[in-house]
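Hydrogens, waters and symmetry mates are skipped; everything else that's a heavy atom, side chains included, is used. Chain naming here is simple, since letters A, B, ... match the order of the sequence lines and numbering starts at 1 in each. The shown structure was predicted, so the numbers you read here are calculated from the model rather than taken from an experiment.
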Amino acid sequence: MAITQDSAPPISDRERRQRVVIRFAGDSGDGMQLAGARFTDASAAFGNDLATLPNFPAEIRAPAGTLAGVSAFQIHIAGGDILTPGDAPDVLVAMNPAALKKNLDDVMPGGVIVINTDSFEERNLAKAGYETDPREDGTLDGYNVLAAPMDELTKEAVKDSGVQGREVLRSKNFFALGALAWMFDRPQETTLDWVAEKFAAKPEVLAANTAAFKAGYNYGITTEAFAHSTFEVPAADLPPGEYTNVVGNQTIAWGLIAGAQAAGIPLFYASYPITPASDVLHELARHKNFGIKTFQAEDEIAAVGLALGAAFVGHLGVTGTSGPGVALKSETISLALMAELPLIILNVQRGGPSTGLPTKTEQSDLMMSIHGRHGDAPLPVIAASSPGDAFDAAIEACRIAIKYMTPVILLSDGYIGTSSEPWLLPDSANLPSFPTSFATHIEGKEFMPYLRDPETLARPWAVPGTPGLEHRVGGLEKDQLTGDVSYDPINHEVMTLLREQKVAAVANDIPDIEVEDDADAELLVVGWGSTYSATRAGVNNTRLEGYKVAHIHLRHLHPFANNLGEVLARYPKVLVPELNRGQLSRLLRAEFLVPAISFSKVQGLPFKAAEIKDKIIETLEMP
Amino acid sequence: MAITQDSAPPISDRERRQRVVIRFAGDSGDGMQLAGARFTDASAAFGNDLATLPNFPAEIRAPAGTLAGVSAFQIHIAGGDILTPGDAPDVLVAMNPAALKKNLDDVMPGGVIVINTDSFEERNLAKAGYETDPREDGTLDGYNVLAAPMDELTKEAVKDSGVQGREVLRSKNFFALGALAWMFDRPQETTLDWVAEKFAAKPEVLAANTAAFKAGYNYGITTEAFAHSTFEVPAADLPPGEYTNVVGNQTIAWGLIAGAQAAGIPLFYASYPITPASDVLHELARHKNFGIKTFQAEDEIAAVGLALGAAFVGHLGVTGTSGPGVALKSETISLALMAELPLIILNVQRGGPSTGLPTKTEQSDLMMSIHGRHGDAPLPVIAASSPGDAFDAAIEACRIAIKYMTPVILLSDGYIGTSSEPWLLPDSANLPSFPTSFATHIEGKEFMPYLRDPETLARPWAVPGTPGLEHRVGGLEKDQLTGDVSYDPINHEVMTLLREQKVAAVANDIPDIEVEDDADAELLVVGWGSTYSATRAGVNNTRLEGYKVAHIHLRHLHPFANNLGEVLARYPKVLVPELNRGQLSRLLRAEFLVPAISFSKVQGLPFKAAEIKDKIIETLEMP
Amino acid sequence: MTIAYTRQDFQSDQEVRWCPGCGDYTILASVQLFMADAGIPKENVVFVSGIGCAARFPYYMETFGMHSVHGRAPAIATGIAAARPELSVWVVSGDGDALSIGGNHLIHALRRNVNIKILLFNNQIYGLTKGQYSPTSEAGKRTKSSPMGSLDHPFNPVSLALGAEATFVARTLDMDRTHTIEMLTAAHQHQGSAFIEIYQNCNVFNDKAFIELTAKESRDENQIRLVQGEKVLFDGGKKGVALEEGRAFIVDVEQYGEDVVHTHDATVDDPATAFALSRLAHGPHGPTPLGIFRNVERPAYDDDMERQIADATEAKGPGDLASVLRTNATWTVD
Amino acid sequence: MTIAYTRQDFQSDQEVRWCPGCGDYTILASVQLFMADAGIPKENVVFVSGIGCAARFPYYMETFGMHSVHGRAPAIATGIAAARPELSVWVVSGDGDALSIGGNHLIHALRRNVNIKILLFNNQIYGLTKGQYSPTSEAGKRTKSSPMGSLDHPFNPVSLALGAEATFVARTLDMDRTHTIEMLTAAHQHQGSAFIEIYQNCNVFNDKAFIELTAKESRDENQIRLVQGEKVLFDGGKKGVALEEGRAFIVDVEQYGEDVVHTHDATVDDPATAFALSRLAHGPHGPTPLGIFRNVERPAYDDDMERQIADATEAKGPGDLASVLRTNATWTVD
Ligand SMILES: Cc1ncc(C[n+]2csc(CCOP(=O)(O)OP(=O)(O)O)c2C)c(N)n1
Ligand SMILES: Cc1ncc(C[n+]2csc(CCOP(=O)(O)OP(=O)(O)O)c2C)c(N)n1
Ligand code: SF4
Ligand code: SF4
Ligand SMILES: [Mg+2]
Ligand SMILES: [Mg+2]
């Protein structure tokens, strides 16, 4: 269903803002993720550019009303080209005291606070750790507080819908959503159509949510307080085309489907559930009509083994997981590397080490991706930089794995995986195509499974079912031609070098780095992965203040683009912001001997654009 | 049993040589490892300095008589301070044509070849790939060939011993050993006493081996050929003390015993067999009377889990394996790091990646040791540099693990593990002592399992059985004081930094690097691990030719010694020889931005001193 | 010496954070009640878990504990018990943790008979990762990862444990505290590893999975209680279990008489009878046996280990490093 | 179409490098002979192994093959079979490879009933790493890693496989080619995973482990042949196997008559009888059953997987990427 822009309501005497950041916060049971997602869709339909960031409570369901149980969803809407979900909310919706307590510090001075007064009773205040009522003790001074008894109003609104008991208050989020829809002039149909479709099978719930939403909207229209806090955020001037709002775990799955189609071979995805990667499995499992096979294995070692087995017989073998799972897969990845079979290992990174912070984002598995195998065991490493980009990154991983007959590590992270952005749909006709050519017959006297393509250094992919090409692969060192087991010292050296050179050769097959350049910049910012949006925004904002800064963002972490060394050498200072303790910066130092400066953040959260800007200025001003 | 030097026979009109390299080679079934080990003991008893290198056929027993089945043992004996088992043998004992074929190329021009003529019949020649008899076709021109019909002579010698059938020829190696004993004037008793003790329970075998050995010795005395090829290699001028000849898998086991004694806690060694690490398990399993518990686990993941469990309850938990096993242990090592418990992971490295070259040596797991975990997960990495040094390295690993409450990776390799050198026995009284202090009571109101020692940043080790200190550890991020699970962003950053700083602090607790210096050297050679002997010898030989070269050898690979950066900066050129593709060299570049030059060898074999020398000269002469 | 504890002594200061209504709460209470009476000094108790909802368990016990990595708890606990046999070591695990990723450590711990007590909280689902099917989920189950139904034939945890040479195997129900405590007590008294499958309701992702065994109207006809030395009768004595040709069958007692009904004896060395009983139900559907299937004596691994040390020390004297260093021949340079 | 192959067609050009006299040679011959007759196109055969002496097997077979990493062959083979159900997929594994490090993958492959045939070469020792005890070694075994005797109670691989829901379980002996080929043929014909334990002599590190079953003077009294539909008699009919109280016993036929002797039926769905038979011997000591313990039908995993794809395609039409990309709401900017 495509919603076109003309359905947006007319613009009134609203306060015009170029960009607004809104955070929905409430108890896990309050449906804040849903409210956020609906608001996102409505904003997309309205035509804003946007970026979102969900923030779930940690894995185990915490008791209702506590700080640990707060769930939040932030959305940044704007008329212009924006990149991040925003640093500090302009508007906070707090469904209970805990949500207020946990989020208030982040809100912009003078920001709007929407609260559900019904939840501000003693027990909830105590659970949130408030000794006095923040509405009365001056805590909210300086904010624009819009208070509504949402429980009561919701109850009233849904009373004829047929829902009963506990179900009644479930619609509270739709009340809040309705009020916000009024405040920001969102089209009502987007949400109401969704409700109608989603709850078609549950007519009472459909009726209740619809009624609550409308009640919220009308409450906005009719209430003084709300009426004076209405905004107009103009539609963005985006490149023309068809858009959809995507989260990275979706797009990466779709990219794998597209990669398999480009290669003309079936996709085989083997995985063991793990936060935040499980949704890739869930998404792919829904598309069996593509001939995709998904396999929930007994563990991560089995999963990578399954994918490797599938690769041996001619499928596009992919295994997805997060950091702890990649650690377990290391030995088998090494086998894939030795057997020289295509294999994709997707790592949706999370906070480490060990179990770490499973629901938080981090980029700290880069070193493990590059060096986390025994022996000299190089393989290509590719990172997605945003939910939309994950689609292309996945296709690129497929292309390289097959063309070079090598395992490839594809990096995403919790932020990319679960946050959303509007995405210009690719034109199906222009999707890449790189048909696989399996070996079909013997060249020469005997089949030589390790005879390499002179350009790519890839060996042939000869799959079972092909008469005459019977051969054995394995993890022992192989003779450089026959592939037979070889303990010969020189052969081992030759093969070690060949494996290295083959991966290095990928550099000739990827685009040179293009610099977002300020001609005479003093400083180059080098980013990779999910920091793209914050880094770009930070760089832009710094430039707006007159500083000269250049920016590059790396997709290929191993091998690096051919011109990277030369680019780095052009700038007196190189700053590398990363959500880890300086891993890319170490790689750049080792490779190019540049004194890269690491800007590290390890808080389980993405960078804020302002943090990047401040650090750039600080670095520029360093002697 | 201590053999003193006076038992050595008087010196005659033998050719005097400062150093001789001898290689025993034969079929796997010919007992060459045993012959080599006996010759080694006799040479040690004689008072030579020595170094040895066994070279087994690859894992699967190859058919008798083939090249793949050749087993060899090399020993370097000298009057002076030597370091390596030698580059090229002066003397080759070849028990069959395959042994000759496989080893002849290595022999020094003009070297001595001792062959068993009985084995040079057609079938064996064919199996070895000889089309004509090398004794007759000029192959051996230029060598000093000493041929003896060893089968026949052995049969004759043992005929009264009582051994029968296949057993008869088993004594052939003792015949060869006897002949060599004569050639090199080795004390007969060392070998004969050993035989008497070893075969006490099998009197016929005892008699046969004794008879064969004596027959060989007498053959030397009585035969023209042998009589003219006798050597005198003077006893070495070693520091006074009691010596024994050790292989690294022994000493590292003993070092762990010593480490546990120094700490005053029981040793718990959990392992899953793997070449070349299994012998450490075998050695420790023999010493249960120390209270040592050894556990053969179901796999490597279980092994590291077992060791970690033992550590949690106050034992010195150690798990030993080789590269593929470490890959599997990665996730649990990360848990140990998060739980901040002492744990030692021994990696006896072998050729990689994947199954690679299981019986060959390599140093290619350094990067995995340092970076092979998800998240930012630093831990100390320590490497042994020779069989003797392995003892000290193991003790050092124990000390650091306990003092800093951290997992430590202890690196050895196949070369250290299986080769031998004479070792000056440490004085028991001077062995280190670092008694463990467990937490015994609560300081303050509540037990704080993550309250750190201000100097080491170590948390307390509070073990079950201690009333009042009940607490929980785990892999989720912990609050910096209480150790409770914490999802707080800033706490995660603080803890990440604390874990990093704690490991970095080890640098203050290890000796500064001392340079084997040529005052105004142009080049610094930086080695680590098992390359010590070849590197040192190479450097020495280069100096003998008048070049100015400095040398350092690193025991601590993470963190580096505090003064390393300063030392590196002193020299215009830095050369890093490694049995991998430049892993230490990359670490040095990243850390110190020095343009370290990598000298890489990945042939499953140690460096030769000559290779090091040549490379040093080449590097010095580079513009 | 018995120690006077109350349940509170085993409650840690951590807020319990399972979903309201989760079966884990009841099991926690049962374990704490059992501990209060068991007389084990609190400081000698260690709880080890992997990852999962169930695996949060150690945080709530005021004992020593480790919340380790997914699936590895039996191995870690084995290290603990082998190092310190005097400790009381408990493993808490979920069906994913113990049977999916951790299956190998589980079966090895059981065959070795190391002194650890393994509690499998079987909710037939992956709770923590939000509802994928597990190795005990029924075939055909639709979940996020199996939208068209799972293709996996599930394990029967009791059969698997018996096939893995377990010496103590039992099954109980979260809701039934008395029975749970009975099983815990027997496991504690057993020398060596003990395995208890606890049917645990996950009311969020797999609600009512055990309803046939717990609902008032069906529980009598579906709960087969195995009681040592007693005939295996259920449904108020109307039905019983008989064995024939090595297999267990349900018989109508009125029709066939009580004589054909099997008398339960968990202490027989051959596990075949226990195995036959385990096959009466594959998953909690229809008549399902609860209680102790097997309870036999075999030396505990950790005790044997101590004995070898004692024997070695007796034979060779306490370890002397100086003499070990002289294992190979030595010589002296003056 | 049957294809005319000879044994030579399945011999690769690699020199066979087991120790002279190793039982692996005989098994290799049996497998090659079986393949020559089985009529499977050679290019459709895949052998997958882990690491160990046994695991060198694929190198010697002129088929497709993978010598993978230790313990993981069942998982890799599952990937192969699931991806390409038309292939004939064989796993060759040792007792360490399959039961120690690889135990988990083995039991999961068996319960899933994926179409792979698993040959366990059980020599009760780690051959390749030179002689440590394995999970099938007898307790008390002295090896380099257990100089005072192993403390591990061994697995009974047949019991374990049955406890893991295996649909086809058999046991045979390396030396008996005819019987081995019979078992291979039955495994091949079975839909789904098949498990064959092959007692294999390691003459270097564990010689004569199976001597009671192979020596002329004892084999008749120790080999119990299980034959479908026949009474389980052995020792020239003097002895037989009877079942009582769910357990199997050896009876003196002369004394008790043939009527008490059990008639073998591997096709019964309940695995309890097979399990009871598997308990007659724990390791190859005394009377030990050989033959097919269990052989029942259950849908094969890979077939089910194909069916779901067909069903999905039928229901939704073949996958259309353009429409998947439009899963979420879309809007157009002009
Ligand atoms: C190595 C690794 N893989 C995967 C995960 C993700 N994970 C955590 S718990 C779990 C399964 C939980 O199921 P179960 O053991 O049945 O416990 P429950 O939550 O149902 O109590 C999974 C897959 C992880 N934490 N670590
Ligand atoms: C990850 C890993 N751990 C350990 C090893 C060493 N290893 C190779 S084979 C083997 C056991 C062999 O025993 P088994 O499977 O019984 O095979 P057999 O040699 O007896 O045929 C071991 C421990 C390895 N190759 N890889
Ligand atoms: S998800 Fe299920 S098992 Fe986990 S806490 Fe909630 S109810 Fe319990
Ligand atoms: S070690 Fe044993 S199993 Fe391995 S090849 Fe030799 S005889 Fe066979
Ligand atoms: Mg569960
Ligand atoms: Mg074996």
Side-chain angles (χ1 to χ4, degrees), chain C residues 71 99-108 110-114 135 139 146-149 151-156 158-165 167 243-249 262-263 265 268 270-279 282 298-299 301-302 304-305 307-309 311-312, chain D residues 71 99-108 110-114 135 139 146-149 151-156 158-165 167 243-249 262-263 265 268 270-279 282 298-299 301-302 304-305 307-309 311-312:
Chain C
L99 296 175
S100 196
I101 191 167
N104 204 31
H105 308 303
L106 176 72
I107 60 179
H108 283 270
L110 294 177
R111 82 174 168 96
R112 287 199 191 103
N113 203 37
V114 60
S146 57
M148 299 181 70
L151 303 176
D152 286 34
H153 179 87
F155 282 133
N156 178 328
V158 169
S159 302
L160 182 68
L162 292 168
E165 312 293 326
T167 52
L243 290 157
E244 215 179 286
E245 283 293 293
R247 303 191 285 279
F249 299 89
H262 171 66
T263 300
D265 183 2
V268 184
D270 187 335
T273 315
F275 187 88
L277 292 171
S278 79
R279 306 309 294 185
H282 203 67
R298 197 201 299 153
Y301 194 95
D302 31 340
D304 275 358
M305 213 169 186
R307 202 175 24 71
Q308 285 198 338
I309 287 182
D311 290 352
Chain D
L99 295 175
S100 196
I101 191 167
N104 205 31
H105 308 302
L106 176 71
I107 61 180
H108 282 271
L110 294 177
R111 82 173 168 96
R112 288 198 191 104
N113 203 37
V114 59
S146 57
M148 299 182 70
L151 303 176
D152 286 33
H153 178 86
F155 282 132
N156 177 326
V158 169
S159 302
L160 183 67
L162 291 168
E165 313 293 326
T167 52
L243 290 158
E244 215 179 286
E245 283 293 292
R247 302 191 285 279
F249 300 88
H262 171 66
T263 300
D265 183 1
V268 184
D270 187 335
T273 315
F275 188 87
L277 292 171
S278 79
R279 305 311 293 184
H282 203 66
R298 199 201 297 154
Y301 194 95
D302 32 339
D304 275 358
M305 213 169 185
R307 202 175 23 73
Q308 286 198 338
I309 288 182
D311 290 353

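- C:Ala139 does not touch chain D: none of its heavy atoms, backbone or side chain, sits under 4.5 Å away.
- When all heavy atoms of D:Ser100 and C:His108 are compared, the closest pair comes out as O-NE2, 3.6 Å.
- Contacts of D:Ile101 with chain C are made by backbone atoms alone, with heavy-atom separations under 4.5 Å and no side-chain atom involved.
- You'll find the side chain of C:His153 stays beyond 4.5 Å of the side chain of D:Asn113, heavy atoms only.
- Remark: C:Ala276 pairs with C:Leu243, C:Ala248, D:Ala272 by the side-chain contact (heavy atoms from CB on, under 4.5 Å) rule, at least two apart or across chains.
- With a 4.5 angstrom heavy-atom cutoff, C:Leu106 does not touch chain D via any of its atoms.
- Under the rule for a salt bridge (charged side-chain N to carboxylate O under 4.0 Å, His left out), the partners of D:Asp152 that lie at least two apart in sequence or sit in another chain are C:Arg111, C:Arg112.
- Of the atoms belonging to D:Pro299, not a single heavy atom falls under 4.5 Å from chain C.
- Here the side chains of C:Val268 and D:Arg247 are in contact, with some heavy-atom distance below 4.5 Å.
- Contacts of D:His105 with chain C are absent, with no heavy-atom separation under 4.5 Å from either backbone or side chain.
- By number of non-hydrogen pairs under 4.5 angstrom with chain C, the leading residue of D:Val158, D:Ile107, D:Thr263 is D:Ile107.
- With a 4.5 Å cut-off on non-hydrogen atoms, C:Pro135 touches chain D through its backbone and its side chain both.
- When heavy atoms are compared at a cutoff of 4.5 Å, D:Leu277 does not approach chain C at all.
- The aromatic rings of D:Phe275 and C:Phe275 lie parallel to each other, with less than 30° between the two planes, well short of the 60° mark.
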